[in-house]
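Quick notes on the structure that follows.
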Amino acid sequence: MDFTPVTADLTRTGNTAALRRMLPEALPWSTFLPDGDLDTLLTDLVDTARRTAAPDDLAPVALLLTQWKHSAEAYADPALHALLTRTPEGDLGPVPMPVAAE
């Protein structure tokens with residue numbers, strides 16, 4: 001199952017209990033997310049779907065899901081997760097001031 005317009009309509013209703021039940025089938029990668037992140041994903045998903053300007057424009061939802069999928073990929077790979085979450089050793093040095101775009 002993909003994230004379809006029907007699923008988007010369900011998302012707009014805000015029924016997070018139904019969404020949580022269907023998520024593993026619709027988005028198999030979501031099973032790698034910790035419970036707290038899964039709750040945040042559901043909240044983000046409902047908020048984004050409700051704020052989408054046109055009901056048939058799923059681009060903002062697709063972008064959000066792509067971002068969350070990358071997070072799930074990091075959780076799914078223990079070596080990558082350890083690398084991304086480790087505490088850096090020592091001072092990482094000065095950070096240059098950003099340059100304003102002209």
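Atom set for the values below is all heavy atoms of this structure, side chains included, hydrogens, waters and symmetry mates excluded. The model shown is predicted, which means the values in this text are computed figures rather than measured ones.
- Screening L65, L63, L64 for a side chain to side chain contact (heavy atoms under 4.5 Å, CB included) with V61, the sole residue that qualifies is L65.
- The list of side-chain hydrogen bond (donor to acceptor under 3.5 Å, both in side chains) pairs with a residue in residues 78-92, not counting sequence neighbours, is empty.
- Within the structure, every pair that satisfies the side-chain hydrogen bond (donor to acceptor under 3.5 Å, both in side chains) test and touches residues 70-79, not counting sequence neighbours, is listed here: D37-Y75, H70-E73.
- Between S30 and L41, the shortest heavy-atom contact is CB-CD2, 4.5 Å.
- Remark: L84 pairs with A74, L80 by the side chain to side chain contact (heavy atoms under 4.5 Å, CB included) rule, at least two apart or across chains.
- Just one residue in the list T31, L23, T43 forms a side chain to side chain contact (heavy atoms under 4.5 Å, CB included) with L38, and that residue is L23.
- The ring pair (Phe, Tyr, Trp, His ring centres under 6.0 Å) contacts involving residues 15-49 comprise nothing, where partners must be two or more places apart or lie in separate chains.
- Counting only distance, with no hydrogens or angles, the side chain of T48 and the backbone of L45 share no donor-acceptor pair below 3.5 Å.
- D44 is linked by a side chain to side chain donor-acceptor pair (under 3.5 Å) to W68, counting only residues two or more places apart in sequence or in another chain.
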